[in-house]
Amino acid sequence: MNKLYILLIFIVFGFSAEAQMVNKSQKGTFLLKDATLHTVTNGTIQGDLLIKDGKIAEIGTITQMDAGSTTIMCTGMHVYPGFIDGGTNLGLSEVGSISLTQDYRELGDFTPHMQALTAVNPNSVAIPVTRTNGVTSVISKTAGGLFPGTAALINLHGYTPNQMFAGFKAVQMNFPSTGKRGRWDRRKPEDIKKDGEKAMKKMNDIWDKARQYAAIDSAAKATNQKMDDFNPQMEALMPIVRGEAKLMIEVNKDNDIKAAIKWVEKNKLDVIFTGVSEGYRVAKELAKSGIPVITGPVLSVPGRSSASYDVSYKNPSIMHKAGVKVAIRSNETENVRNLPFNAGFAAAYGMGVEEALKSITIIPAEILGVSDQLGSLEKGKIANIFISNGDPFETKTQIEHLFINGYKVPMESRHTLLYDEFLERDPGAGK
Amino acid sequence: MTKSKHFKLELLGLFLCMFFVNIGFAQNSNDAKEVTNTYYIKNAFVVQKPGMVLPNTSVLIKDGLIQSVGPNVEIPFDAKVIDADSMYVYAGFIDACSHAGIKEEEKKDRPRVKNPGNPPKKLAGITPQKTVREAIGEKLDKSMAELRDLGFGFVHVVPRGRMLPGQGSILTTGSGATDETLVKENTSLFTQFKPARGMFPATTIGVMSQFRDLYKNAEYSNTYLKSYNMQPKGLTKPNHSAELGAMFPVVNKQMPVFFYTAKVRDVNRALILNNELGFKMVLTGVRQGWPLMDEIVAGKHSVVLSMHLPEKIEDPEEEKEEDKEDAEKEEKSGEKEEGEKKKEKKKKKKKKEEDPALAMMKAKKKKSHDEYVGQAALFEKKGIAFSLSSLDTKTKEIKPNLLRMVEGGLSEKGALAALTTNPASLLGISNVAGTVEQGKIANIFITDKSFFDKESKIKYVFNDGGLKEFKEKKKKKKGSKGDDVSVIGTWNYTVEVPNDTQTGIMIVDGSDDNLTIRINSADEPEDFVDATNIDLDGNNLTFDINVEGIPYSIDVTLEGTDFEGSVSVAEFGSFPMTGSLKDGPK
Amino acid sequence: MNKYILVLCVFALAFSSQAQEMGNILIKNGTVITISDGVKENTDVLVTNGKIKKIGKGIKAPENAKTIDATGKFVMPGIIDAHSHIALETVNEATNPVTSEVFVGDGLDPQDVAIYRALAGGVTISHAMHGSANAVGGECETIKHRYGTWDPDELRMQGAPRTIKFALGENPMRVHGEGRNITPNTRMGVEQVFRKAFAEAEMYKKDWADFNSGKTKTPPVYSRRMETMKDILNGEIIIHCHSYRADEILMLMNVLSDFGVKKICFQHVNEGFKVAPELAQFGAGASVFSDWWAYKFEVYYSTAYNAAILSRNGVVTSINSDSGELIRHLYHEAAKTQRYGDLSDNEALKLITINPAIQLGIDDRVGSLEVGKDGDIAIFNAHPLSIYAIPQMTIVDGVVKFDIENDPDDMRIDIDPEEKFQDSFIELDSEDEDRCMQDVFSELFLGETHKH
């Protein structure tokens, strides 16, 4: 593959014969020397960056070196904060068509207590495939009914879900849709409307109960009594009702977004909208509501055949320009690696490179409440960083090095290993 | 118990009479018979053929045939004279392709077959040998009578089904048995791009392939059979496939294929097959054929347009509707808004009108709507002598849709030709139908004004030797517009049945959105039955009752203190029902 | 007046031209990526009567030619998608393991707005394919994106060779074996379905030869299915075979060798990289996804470096969409081979131009900018392999079919006058984008859909 990379492997792992067999992540102190640092929050600077104890220890011109630290010469190279994908099923699904390898969809319409983090497989083959494109953190989310479960933000490195957990969780809600469920949805418009109304009623009913539950809980605590009930669903909703936790609401159609804004305002909740594929039709209303949005995939077909071919490309930009806080997600599983390309399309179609970069770094970090830890190159933040030989949105660019939690993660995955093995097969054709 | 039984018996008796009604048009074995079958229509505007109106003309009908047409026809002594001064006489319309009289397929579970790639032909919907006689069965279907009451005298009936449902026949709209109403039998092969369910051909492309296969094999089989019949010795005995055999007249170009091609893509597919195989073809049930107009003209294809049209688009109304939907939704999702918010909403509404996506869609819809409606006019302009068909069309929409086609540019003459002379010649029955001329079958009708006058009403229908007269209904008291319809109270009702009149009382109670209805029969005034499925939509009241297992559905329209509508009873049909308020709410 | 009325007028104008019309157009001063003859700066391309007449500098516009200034823009051949299901109302006749009798060209849908969306991604030709439910599927159709017509015939690329869909592995096994207890239930069974069909076709061929020569008197049963199989044996049809695993790819090549069939392009072929030398030796093409994998077990051991490995091993390789989404940015899909395998610009662009043209047997007419070839051209504002490239104009037969400067939102042709705006939205479900198995699961398993 890349010469520099091979050289580096030699330097880092050359001492141990076993380490050569299996490339493991390495913790240490790393000095990235003479790089173009895309800090995201403080502009682009030429300089050095020191990774130590899992954190960004220093940015600027660094001359002092710890003993045992590794220097990576980055002349002509670019350093970026790791990308954050605000919506994926990564870690929860291994093979798309085999349901027994899928852990994101529990039975039932009301399962907010289902924890995505519990089922994240740290060794999912798709994880290395993802991070080698510079994606270092993702929201791993559930799917299903009205309240399908609780999503979690994970870093794409670690041996246990807890090691991967990146400090944010939220209950998800699928706002009742008045759109067709898919191309093959054969329900009549009246039935779709009826189903939507039914779901709306159910949702309001659940919410009334959740509020009541929280009130009883408060009363119980105030009088030092215990509630005589095991109700994990309601327990999961309680922090949201009390305004202590965020709710992620998936909503896409124009009128549904408007209805969701009303619903949120009425219930005075702290929410994040996800999906929002028709946000461009209600951008002003969204901006007024102040609700942040995690939108995507940008590379998707418009929801209406009457809509312009490029509305999905332009959607993030239109919302952003109207004043909405917009993060971009891939909504993918095995191809979360396409997140930077989704951002690249958004950049080309009106958002601009700078804002598009923010939409997969600092903006999702802010929306998810982890901007003190992630999303930019700043001293003290977690060292989720990658080094590339150019603009990481461009497909021509190679990602050369990757750090997650300060670990230097090998740039290999099933895809690169198969390439290495099969590019020049021996024997070739014939025996 | 006994009482309700009585109620049931009463109604049952009424239904027994119904059977007699069905056998003879406007006759009833218990009624006094018609005393003559000679009719004299006096002094009418006779629309002899499209574009030819004869004023002050009389028509003499005898034994179901038009005896003479002219200004000075003598009145025979035994004639029943109809004073048709200022009225219009038309040749009975011809429905060029219809499923009238043929029951819809019962919805069954999909049949399971062992090998869906090669299923039994019948399950796959391939029954070209099936005849209308076979398909029509017992004539209990009311659709034929409905067409007759609209002025139709003849119908080209084709069986229902899937890909190859069977062969069409031409019938009069008379109420006699099929033997009596048949004009011409097995005149067409009806074909559709309608796949089988879960077996070959399960798709339109499968149907295309299957049609080619059948056609080619019918050709080979037909040729082989001919040589076998001349000299069988030494030849393998032919395979006598019923399906292929039924297609021989088609491959011999004797029988036309009536290809059901509602939408443009089906039209194209039929044209492809026709180009390849070269059979006689009629495109039928065409709703969206204009995009391929040039090819249809170039190929000199016969066309039968459907009288189905999309819902009428009236711009301001539609907007209201969408707004209403929005408003409903907003109301449901949030709290009801007060003064200030309402103002805001009004502003919003103004904005919505400017929503370019919505506006563009609306404009395109209107354009598309106009194309559907204008199709007939366009075909006329291109010189295609098309006919019209009731396929996919609700009976009550036929006349309004014809008028919309005329509004869309079709000439009245063209419309009339499409309903009379064109189909007559298409179906090969010009010598007996299509015009008001001597010697033709006297399936004709009389209207009070020109048929194409929106207000025109049919006064008389002559059919297969019988006459049906349409009496003017009593002018209803019209509740002034805006009056709230009040249904609460005790109502007298009357149900007209052929041999009897049923009366009784209907008590409506509760509130408009939570009504209760109890109903009795005058013969057993103490015995009430409770109604179910009560629905009041505007001034339209519907409900069901069940009397010892027999379900009745009532559908009436309220007009002030009167109502009018019908009661329908499963399988027996429906009967007019009227009523008036006895006591209002206290 | 109202904006939309204006837009409508433009729309009407855009389509007032007759389809299959041949256009005259001069593209001035662009960076011309010829594919076959390098990249030429500041160069003009002249198309007359639908064909490329001249490539060079300072070409004067003929009187009847429209002139387009492409200064600062990139001009490349129209993109070709070797695997798609757009413009089709029916994809799978999934009732039999062998359905060579059907032809998706009988179910073309020229009103599919996906055609316009493909044009807006620079794609001028796509291979409208039967699905992958059956071992032997139906015949496919190579279409030109002459959007704006109602007539399916005008989409067909006249003279393009006939092609047929084959399918290996999970899909035919699941539909027929698992779904109906009919062979094939395994990859062994799939092999025998092919062997039987070809053997029967050989007998059919002989039976008809005997009848036609008068040797026998009774006509054999005419069979569209066998007619098509016979034409494959006669080398008149190119096979495009849905495949994933290395073993099944080798299997089909063996079967074809035994029956003397040579023309084949493997589709998807996710494990093609494992048998690249064998594919090259057989002369088989490979049409792959840029990066799709893991959506089912037979693509779990995949690599996005597939196209690179295949190309480097001398296999004629293309990148396809198989999706109404991906077809809108095949230029980006091809560009991914630069991240996954370091392909050069020209190598990457060949994957979506001349190589798919070779696989469809139309490389003598399209796939590169050469004098005499069809005037199918895509113009971009930046190098088409850049993530920031935006297609500006797409030309088919010298007729502008997409122009970003004249691009109304609603480009549908067939409008349902009864549809309400608020009923027209479809929630995105990535599973719905796949159409390879369309008509199968909605029919058989009601509602359940799977990818590819």
Side-chain angles (χ1 to χ4, degrees), chain B residues 115-119 196-210 212-213 216-217 219-221 223-224 227 234-236 238 263-265 268-269 272 288 291-292 295 310-311 313 318 321-322 325-326 355-372, chain C residues 2-5 7-8 11-12 88-99 101-111 130 134 138 149-153 176 180 182 216-225 408-410 412-422 424 439 443-444:
Chain B
N115 182 0
N118 189 17
R197 296 201 301 165
M199 66 187 82
F200 187 78
T203 58
T204 44
I205 59 176
V207 171
M208 289 286 281
S209 173
Q210 182 66 282
R212 293 178 176 115
D213 249 16
K216 281 279 190 191
N217 281 311
E219 276 184 338
Y220 284 119
S221 184
T223 312
Y224 184 62
S227 55
L235 291 179
T236 313
K263 293 298 192 109
V264 61
R265 291 207 283 279
N268 175 258
R269 274 189 274 269
I272 288 173
Q288 187 195 36
L292 293 176
E295 278 166 69
E311 259 174 59
I313 293 185
E318 206 214 16
E321 195 181 7
E322 299 234 350
E325 260 173 47
D326 277 0
D355 181 342
L358 202 78
M360 180 153 189
M361 189 174 194
K362 244 193 238 167
K364 292 189 88 160
K365 271 164 62 177
K366 181 76 173 76
K367 186 169 170 268
S368 170
H369 166 271
D370 293 350
E371 279 170 338
Y372 278 95
Chain C
N2 272 343
K3 188 191 161 200
Y4 74 83
I5 290 181
V7 168
L8 264 186
F11 176 85
L88 290 181
E89 61 172 46
T90 307
V91 173
N92 270 301
E93 172 64 51
T95 48
N96 207 3
V98 180
T99 56
E101 65 269 36
V102 302
F103 170 41
V104 297
D106 287 334
L108 284 185
D109 172 8
Q111 288 96 49
H130 191 273
N134 314 329
T149 178
W150 285 87
D151 186 352
D153 295 338
H176 301 286
R180 302 200 180 98
I182 290 172
T216 54
K217 294 274 183 288
T218 317
V221 173
Y222 172 86
S223 161
R224 293 263 305 161
R225 180 179 300 167
D409 285 354
D410 186 351
R412 294 169 308 146
I413 300 171
D414 189 3
I415 311 290
D416 175 359
E418 294 180 352
E419 188 187 37
K420 297 229 166 67
F421 185 76
Q422 277 306 333
S424 68
D439 309 323
E443 266 298 311
L444 282 182

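Numbers restart at 1 for each chain; the letters A, B, ... are given by sequence-line order, proteins then strands. Below, each value reflects all heavy atoms present in this structure, side chains not excepted, and no hydrogens, waters or symmetry copies.
- In this structure, Asp213(B) and Glu101(C) have side chains that are not in contact, with every pair of non-hydrogen atoms separated by 4.5 Å or more.
- If you measure heavy-atom distances from Gln288(B) to chain C, the contacts under 4.5 Å come from the side chain alone.
- Ile313(B) is listed as a side-chain neighbour of Pro417(C), based on a closest heavy-atom distance under 4.5 Å.
- Interface residue Ser424(C): only side-chain heavy atoms are found under 4.5 Å from chain B.
- The OG1 atom of Thr90(C) sits 8.5 Å away from the CZ atom of Arg265(B) when rounded to the nearest 0.5 Å.
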Test log, rule side-chain contact (heavy atoms from CB on, under 4.5 Å), inputs Ile415(C) and Glu371(B): CA-CA 10 Å; Ile415(C) 311 290; Glu371(B) 279 170 338; over 6 Å; no
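- The shortest distance between side-chain heavy atoms of Val102(C) and Pro201(B) does not fall below 4.5 Å.
- When side chains are defined from C-beta on, Ser209(B) does not count as touching Arg225(C), because their heavy atoms never get closer than 4.5 Å.
- Under a 3.5 Å cut-off, the side chain of Thr203(B) and the backbone N or O of Glu93(C) do not form any donor-acceptor pair.
- Between chain C and the residues Asn115(B), Asn268(B), Thr236(B), Leu292(B), the largest count of heavy-atom pairs under 4.5 Å involves Asn268(B).
- Contacts between Glu219(B) and chain C at a heavy-atom distance below 4.5 Å are absent for every atom of the residue.
- Annotation for Ile182(C) and Pro116(B): closest pair CD1-CD, 3.9 Å, computed over non-hydrogen atoms.
- When all heavy atoms are compared, the tightest approach of Tyr222(C) to Lys216(B) is CD2-CB, 3.4 Å.
- For Arg224(C) and Gln210(B), the side-chain atoms include no donor-acceptor pair closer than 3.5 Å.
- Heavy-atom pairs under 4.5 Å with chain C peak, among Pro119(B), Ser227(B), Gly117(B), at Gly117(B).
- Interface residue Asp416(C): only backbone heavy atoms are found under 4.5 Å from chain B.
- Counting only heavy atoms from C-beta outward, the side chains of Glu295(B) and Asp153(C) approach each other to under 4.5 Å.
- Looking at Phe103(C) and Ile205(B), their side chains never come closer than 4.5 Å, going by heavy atoms from C-beta outward.
- We find the NZ-CD distance between Lys364(B) and Glu419(C) to be 11.5 Å, quoted to the nearest 0.5 Å.
- Heavy atoms only, all atoms of each residue included: Glu89(C) and Thr204(B) are closest at OE2-OG1, 3.4 Å.
- Residue Val98(C) does not touch chain B at all, counting heavy-atom pairs closer than 4.5 Å.
- Within the 4.5 Å cutoff, the side chain of Glu418(C) has no heavy atoms near those of the His369(B) side chain.
- When Asn134(C), Leu108(C), Asp414(C) are compared by the number of non-hydrogen pairs under 4.5 Å with chain B, Asp414(C) comes out ahead.
- The shortest side-chain heavy-atom distance between Asn217(B) and Val221(C) falls under the 4.5 Å cut-off.
- Contact annotation for Phe200(B): both backbone and side-chain heavy atoms come within less than 4.5 Å of a heavy atom of chain C.
- Separating the NZ atom in Lys362(B) from the CZ atom in Phe421(C) is a distance of 11.0 Å, to the nearest 0.5 Å.
- Judged by distance alone, the side chain of Arg269(B) and the main-chain N or O of Asp106(C) form a donor-acceptor pair under 3.5 Å.
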